[in-house]
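Single-structure report; data block below.
Reckoned from all heavy atoms, side chains included, excluding hydrogens, waters and symmetry mates. Nothing fancy with the numbering, it's 1 onward along the sequence. When a ligand or atom number is given, it counts from 1 through the structure's own listing order. Computed from a prediction, not measured in an experiment: that's the story for all the values here.
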Amino acid sequence: MRRDDKLIFEKGAEGRIGYTFPDETIPNYPIEELIPKNQIRGNSPQLPSCSEVEVVRHFTNLSRLNHSIDSGFYPLGSCTMKYNPKINESTAMISGLVNLHPYQPESTIQGALELMYFLQQSLAEISGMDEVTLQPAAGAHGELTGILLIRAYHEDRGDTKRKTVIVPDSAHGTNPATAAMCGYDVKQVASNEKGRVNLNALKELLNEETAAIMLTNPNTLGLFEDDILEIQKMAHDNGTLLYYDGANMNAIMGKIRPGDMGFDVLHYNLHKTFSTPHGMGGPGSGAVGVKAKLLPYLPVPQVRKDEERYYLDYGIPKTIGKVKGFYGNFNVLIRAATYILTMGADGIKAASEMAVLNANYLRKQIVERLAVPFGNQCMHEFVADGSALKKFGLKTLDFAKALLDYGIHPPTVYFPLIVHEAMMIEPTETESKETLDQFVQVVDKILEEANSDPERLKNAPYTTPVRRLNELKANKDLDVRFKK
Ligand SMILES: *Cc1c(COP(=O)(O)O)cnc(C)c1O
C-alpha cells in the first residue's frame with residue numbers, strides 16, 4: 001500500500017469525532033464564570049476532526065516510519081538503546097504512583113519515598129558509592145551536578161587554585177562541555193597505542209591546578225583501563241578528585257565497582273543501563289553517586305529514613321542547592337527500580353556478563369571482516385574501522401546506511417574521533433545469538449555488494465521512508481511547521 005503522507009489535520013471531515021465523554025464529567029458552569037472574559041478565545045481551535053479508527057491508523061502508521069527496538073536490532077554504540085522490558089511500563093502506570101502530587105504531605109507518600117530510597121541504596125551498592133542523589137534529569141545533567149560537587153568540595157577547603165579538568169581524547173563530548181560549564185579549563189589527555197590513557201601524558205598535565213579527572217572505565221573504545229589504580233593514586237596524591245562517567249555500566253554491574261577503583265563521584269544513566277526509555281531528550285535520569293567526602297554538598301532534598309518513616313531531608317549543611325524541580329523524574333525512577341527488582345543481584349551480574357560476551361562474539365567476527373584497531377578483547381562494546389571500504393570508493397557512512405535496508409539500525413559512526421572510519425558496535429545483553437549471527441550475515445552481504453556494485457551502496461538506503469538526508473540542512477534549517 002502506498003505510504004500515506006497526510007497530516008492528521010488533513011484527515012477526517014468536519015464534525016467527525018473519535019471520543020465520547022460521559023456527560024456528568026463536564027460541569028455545567030457558564031464558561032464566563034470560570035475564566036475571565038478577556039482570556040476566552042474568540043474562535044474555536046482548529047483541531048482535527050477524525051474518527052477513532054482514523055486516529056489509530058494515523059499514529060500506528062507514523063510509528064512504523066522509524067526503526068525501533070521493538071521491530072529490529074540496534075547495535076548502537078554508547079547510547080545503549082537496549083531493550084526496555086515491558087514490565088517497567090506496567091509498574092510506571094500504577095495509578096497510586098501516577099496520580100501522586102509532589103506537594104502531598106510526606107505521610108501520604110511513604111511508598112514513593114521507599115521506592116526512591118531503595119533505588120538510592122541499590123545504585124550506591126552497585127557502584128560502591130556512599131550515597132546517591134536521584135535529582136538530575138539526564139547524563140549530562142548528572143555530570144554537571146557531579147562537577148559542581150567537586151567544585152564545592154575544593155572551594156570549601158579553601159583550595160581555590162584548582163582551575164582545570166582533565167578529559168581523555170576518547171571521552172564523550174558531554175565531559176569537556178560539563179567541565180567548561182562549571183568554569184574549568186579543559187585539558188585533553190591523549191590515548192596510548194593500546195587505546196588507554198597515556199600515563200606519561202597524564203603526569204605532565206596533572207598539577208596543583210587540576211580539580212578533577214573525568215574518565216569512564218571501560219572507556220569509549222570498550223577497553224578496560226588497566227592502570228586505573230595507578231591513575232587514582234596519581235590523582236589523589238595530587239588532591240585531584242576522580243569523576244566516573246557511568247552512562248554505560250552494562251559491562252561492569254555486579255562485577256567491579258567504580259567506588260572500589262577509587263572514583264569519588266559518578267553519574268549513572270538510568271535511561272541507558274537501567275532500561276528506561278531513552279529518546280528525543282527526555283525525560284531521563286542521571287542519578288549521581290558520591291563518596292563520603294562529598295556528602296555535605298549533595299543537592300537537597302535527599303530521601304532518608306529513620307525508625308518510623310521515610311522523609312525528605314533538606315538539612316544538608318553545604319548543599320549545592322537544588323538541581324531540578326522536586327525530586328527527579330519520578331516515572332523514570334519507578335522503571336529503574338522495577339528493572340533492579342526484577343533482575344535481582346544475580347540477574348544484574350548476568351546482564352553484564354552477557355553484554356560482554358555478546359560484544360566479544362561479534363567483535364571476533366567483525367575483526368575477520370573489517371579492522372578493529374584497539375585491543376584483542378573488549379568489554380560491552382568495540383570500535384571497528386571501516387577504512388577497508390575505501391578500496392571500493394566507499395565509507396563507513398555508506399555501510400551504515402546500507403544496514404537500514406536490512407532492518408538493522410546503524411551503529412554510532414565517526415565516534416570516537418581517534419578511530420578514522422569509526423563504527424562503534426554495542427549489541428547489548430538482550431540480543432540472542434541468532435540475531436548476532438544474522439547481523440554478521442548482513443555485514444557479509446554488504447561487503448559482497450561493496451565489491452560487486454559499489455555505486456549502488458553509495459545511494460543506500462533504498463527501502464526507508466526517506467533516503468539520504470542532508471544532515472547539515474536538517475539541523476540548521478529545521479522547518480517542522482504545518483502550512484496549509
Ligand atoms: C549518553 C552518554 C552521556 C550523556 O547522557 P545524556 O543523558 O544523553 O545527557 C554521557 N557520557 C556517555 C559515555 C554517554 O554514553
Side-chain angles (χ1 to χ4, degrees), residues 69 74-82 84 123 127 133-148 165-182 186 188 191 195-197 212-225 242-253 258 263 265-289 323-324 328-329 331-333 335-336 355 359 378-383 409 411-419 422-428:
I69 191 78
Y74 246 92
L76 185 61
S78 65
C79 287
T80 321
M81 182 51 82
K82 68 179 185 182
N84 302 317
L123 292 173
S127 66
T133 165
L134 302 173
Q135 262 185 50
H141 193 195
E143 289 175 38
L144 180 74
T145 306
I147 297 293
L148 287 176
V165 169
I166 298 177
V167 176
D169 58 3
S170 63
H172 194 273
T174 49
N175 293 184
T178 295
M181 284 274 291
C182 295
V186 180
Q188 185 168 299
S191 303
R196 270 78 168 189
V197 170
I213 305 175
M214 298 180 86
L215 290 178
T216 182
N217 194 15
N219 67 22
T220 308
L221 292 168
L223 303 174
F224 195 81
E225 294 283 355
L242 261 195
Y243 184 94
Y244 185 90
D245 180 338
N248 308 291
M249 304 232 324
N250 289 36
I252 62 163
M253 286 186 299
F263 285 92
V265 49
L266 90 168
H267 79 269
Y268 317 74
N269 273 27
L270 301 190
H271 50 287
K272 291 182 181 174
T273 320
F274 296 92
S275 88
T276 82
H278 168 199
M280 310 310 287
S285 175
V288 168
V323 296
K324 185 179 181 306
N329 279 326
N331 59 357
V332 176
L333 307 181
R335 292 175 172 94
C378 63
M379 298 293 285
H380 61 304
E381 68 189 4
F382 62 92
V383 179
H409 195 284
T412 298
V413 294
Y414 300 104
F415 180 82
L417 305 176
I418 53 178
V419 173
M423 227 183 283
M424 180 190 252
I425 298 176
E426 177 179 4
T428 79

query = Between the main-chain N or O of Val323 and the side-chain N or O of Gln135, is there a donor-acceptor pair closer than 3.5 Å?
reply = yes

ask   = Distance from Asn248 atom CG to Met379 atom CE, nearest 0.5 Å?
value = 12.0 Å

ask   = Is the shortest N/O to N/O distance between Ala247 and ligand 1 below 3.5 Å?
value = no

request  = Please could you name the atoms of ligand 1 that Gly139 approaches to less than 4.0 Å, counting only its heavy atoms?
outcome  = 5 (O), 6 (P), 7 (O), 9 (O)

key: Criterion side chain to side chain donor-acceptor pair (under 3.5 Å) against Thr178, the qualifying member of His172, Glu143, His141   = Glu143

request  = For Ala138, counting its heavy atoms only, list the atoms of ligand 1 lying under 4.0 Å from any of them.
outcome  = 7 (O), 9 (O)

ask   = Does ligand 1 have an atom under 4.0 Å from some heavy atom of Glu143?
value = yes

inquiry  = Would His267 count as being in polar contact with ligand 1, using the rule that some N or O on each side must be under 3.5 angstrom apart?
reply    = no

request  = Check whether any side-chain heavy atom of Ser285 sits under 4.5 Å from a side-chain heavy atom of Thr276, and report yes or no.
outcome  = no

Min side-chain heavy-atom separation Pro416-Leu221 under 4.5 Å = yes

message = Do Val265 and Val288 have side chains that approach each other closer than 4.5 Å (heavy atoms only, starting at C-beta)?
response = yes

request  = Find all atoms of ligand 1 within a distance of less than 4.0 Å from any non-hydrogen atom belonging to Ala140, and give their numbers and elements.
outcome  = 4 (C), 5 (O), 6 (P), 9 (O)

inquiry  = Under 4.0 Å, heavy-atom basis, I'd like to know which part of Thr220 is in contact with ligand 1: side chain, backbone, both or neither.
reply    = neither

request  = For Phe382, enumerate each residue passing the ring-ring contact (aromatic ring centres under 6.0 Å, His included) test, keeping only those at least two apart in sequence or located in another chain.
outcome  = none

request  = Report yes or no: does Asn269 have a heavy atom closer than 4.0 Å to ligand 1?
outcome  = yes

His271: numbered ligand 1 atoms lying under 4.0 Å from its heavy atoms = 7 (O)

